[in-house]
Amino acid sequence: TNTNNIMNMTSSKKFALITGGSRRIGAAICRNLHKAGIDIMIHYRNSKEDAITLQKELNNIREDSACLVQANLLEFESYEYIIKEMISSFGNIDFLINNASSFYPTKVGDISSEHWEDLISTNLKAPLFLSQFAYPYLKKNKGAIVNITDARIADPKKGYAVYSLAKSGLENLTKSLANDLGPDIRVNAVAPGAIIWPEIDSQYGRHSQEYDKKYRDEVINQSILKRLGEPADIAKAVEFLLLNAPFVTGETISVDGGRH
């Protein structure tokens with residue numbers, strides 16, 4: 001019976017891939033799903049040290065429960081590669097969380113094709129193609145996908161045309177995939193509001209001026225709950241959609257303190 005128990009444990013084990021999983025909201029999602037007993041594949045692009053630290057932390061809690069995959073989501077080959085790495089590491093995938101995202105301003109007049117490629121690839125193209133490459137496994141496992149969108153996209157922030165377009169596309173993709181991949185696979189989205197302020201420097205644009213104290217206070221005042229959210233708030237919503245919402249698909253949950 002002991003062997004049977006072990007067999008049952010391994011066969012009932014679930015596996016999740018989180019893109020951009022090494023830090024900020026992605027890391028919170030990884031930790032939370034790991035706590036729920038799920039084994040984790042952490043995808044990262046440049047944050048190698050953060051990824052290794054998180055992997056060690058999770059593997060100290062449960063041996064061999066976290067793996068890493070490095071890939072640049074601007075490269076088309078990376079999508080199939082990530083899923084292949086997932087399968088060679090864990091043999092399976094039950095949950096795909098499309099969290100990786102580029103975010104910076106693009107002023108009309110100065111928008112370049114690099115901006116377009118970067119913002120569209122990370123926020124929209126990667127979620128579509130990762131879903132497509134993961135589809136055969138997710139279908140077999142009656143799995144689920146969660147996309148991380150943005151609570152602001154119905155009322156786009158000035159100066160962020162390409163980012164807003166990519167994220168609204170991702171919300172639409174959530175509905176399209178729910179339609180196309182049902183009834184086997186559920187597809188939902190979580191739309192964060194103000195959770196952690198953006199990092200000051202990004203490759204293409206600086207957020208610094210905009211995210212001064214006055215702006216931050218304004219954003220908080222526009223929410224009903226009058227405070228900033230936490231990465232854990234997003235992680236809990238993701239966990240709910242993956243594990244506790246068997247009759248929910250094509251849905252976007254705004255986690256933004258009621259700001260929208």
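- For Asp184 (side chain) and Lys142 (main-chain N/O), no donor-acceptor pair under 3.5 Å exists by modelled atom type.
- The main-chain N or O of Glu171 is never found under 3.5 Å from a side-chain atom of Thr149 such that the two would form a donor-acceptor pair.
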> When you look at Ile195 and Arg24, which way does the side chain to side chain contact (heavy atoms under 4.5 Å, CB included) test go after all the steps?
Replying inline: CA-CA 10 Å; Ile195 304 291; Arg24 293 165 66 89; over 6 Å; no

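- Ring geometry for Phe76 against Phe129 counts as perpendicular: the plane angle is over 60°, on a 0 to 90° scale with 30° as the lower cut.
- Leu119 has its side chain within reach of Ser102: a pair of non-hydrogen atoms, C-beta onward, lies under 4.5 Å apart.
- Nearest approach of Asp256 to Gly193, heavy atoms of both residues: CB-CA, 3.4 Å.
- The side-chain contact (heavy atoms from CB on, under 4.5 Å) with Ile18 is formed by just one residue from the set Ile42, Asn98, Val238, Leu33; it is Leu33.
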>> Run the side chain to side chain contact (heavy atoms under 4.5 Å, CB included) test on Tyr163 and Lys157 for me, step by step, so that the C-alpha distance in whole Å, both residues' side-chain angles and the decisive distance to 0.1 Å come before the verdict.
In response: CA-CA 9 Å; Tyr163 169 80; Lys157 183 169 159 50; over 6 Å; no

> After noting the C-alpha distance and the side-chain angles of His115 and Tyr104, does the key distance pass the side chain to side chain contact (heavy atoms under 4.5 Å, CB included) rule?
Replying inline: CA-CA 9 Å; His115 295 148; Tyr104 49 82; 3.8 Å; yes

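- Taking OG of Ser121 as the reference point, atom CG of Leu73 lies at 8.5 Å (rounded to 0.5 Å).
- With Arg62 contributing its side chain and His34 its backbone, the two residues share a donor-acceptor pair below 3.5 Å.
- Taken from NZ in Lys158 to NZ in Lys107, the straight-line distance is 9.0 Å, to the nearest 0.5 Å.
- In this structure, Asn99 and Ile234 have side chains that are not in contact, with every pair of non-hydrogen atoms separated by 4.5 Å or more.
- Side-chain contact between Asn141 and Phe15: absent, with no pair of heavy atoms (C-beta onward) separated by less than 4.5 Å.
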> Given Trp116 and Thr106, is the side chain to side chain contact (heavy atoms under 4.5 Å, CB included) satisfied, shown in steps?
Replying inline: CA-CA 9 Å; Trp116 173 268; Thr106 49; over 6 Å; no

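- Atom CD1 of residue Ile83 and atom OG of residue Ser78 lie 10.0 Å apart, to the nearest 0.5 angstrom.
- Of the possible donor and acceptor atoms, one in the side chain of Ser168 sits under 3.5 Å from a partner among the backbone N and O of Leu165.
- To the nearest 0.5 angstrom, Leu68 atom CG is 9.0 Å from Ser89 atom OG.
- Formation of a donor-acceptor pair under 3.5 Å by the Asn188 side chain with backbone atoms of Val248 is found in this model.
- Between the side chain of Asn221 and the backbone N or O of Asp217, at least one donor-acceptor pair lies under 3.5 Å.
- By the rule that hydrophobic residues join a cluster once side-chain heavy atoms approach within less than 4.5 Å of another member, Ile29 and Ile52 end up as members of one cluster.
- Side-chain atoms of Arg186 come within 3.5 Å of backbone atoms of Leu241 as a donor-acceptor pair (strictly under, hydrogens ignored).
- Two residues are said to be in side-chain contact when any heavy atoms from C-beta on lie closer than 4.5 Å; Leu54 and Cys30 meet this criterion.
- Distance alone, capped at 3.5 Å, places no donor-acceptor pair between the Ser254 side chain and the Ala191 backbone.
- In this structure, Asp94 CG and Ile145 CD1 are separated by 12.0 Å, a value rounded to the nearest 0.5 Å.
- In this structure, Leu74 and Arg45 have side chains that are in contact, with non-hydrogen atoms separated by less than 4.5 Å.
- For Thr174 (side chain) and Leu170 (main-chain N/O), a donor-acceptor pair under 3.5 Å exists by modelled atom type.
- The shortest heavy-atom contact between Val255 and Ala237 is CG2-CB, 3.8 Å.
- Two different hydrophobic clusters hold Val187 and Ile153 under the rule that ILVMFWY side chains link at heavy-atom gaps under 4.5 Å.
- Under a 3.5 Å cut-off, the side chain of Gln55 and the backbone N or O of Ala66 do form a donor-acceptor pair.
- Side-chain atoms of Tyr44 and Asp50, non-hydrogen and from C-beta on, never get closer than 4.5 Å to each other.
- When every heavy atom of Ile185 is checked against every heavy atom of Ala144, the shortest pair comes out as CG2-CA, 4.1 Å.
- More than 12 non-hydrogen atoms from other residues, nucleotides or ligands lie less than 6.0 angstrom from CD of Glu57.
- Contact record, Ser47 with Ser22: CB-OG, 3.3 Å, taken as the closest heavy-atom pair.
- Nearest heavy atoms, Tyr81 versus Val69: CE2-CG2, 3.7 Å.
- The environment of Lys140 atom NZ is dense: over 12 non-hydrogen atoms of other residues, nucleotides or ligands sit within 6.0 angstrom.
- In terms of heavy atoms, Asn123 sits closest to Ala100 at OD1-O, 4.3 Å.
- Summarising the local packing, NZ of Lys226 is surrounded by more than 12 heavy atoms from other residues, nucleotides or ligands at distances under 6.0 Å.
- Between Lys139 atom NZ and Leu181 atom CG the span is 9.0 Å, to the nearest 0.5 Å.
- With contacts defined as side-chain heavy-atom distances shorter than 4.5 Å, the pair His43/Leu17 qualifies.
- Between the side chains of Asp39 and Ser65, no donor-acceptor pair is found at a separation under 3.5 Å.
- Arg152 is not listed as a side-chain neighbour of Lys167, based on a closest heavy-atom distance of 4.5 Å or more.
- No continuous path of hydrophobic side-chain contacts links Ile224 to Val190 [ILVMFWY only; heavy atoms under 4.5 Å].
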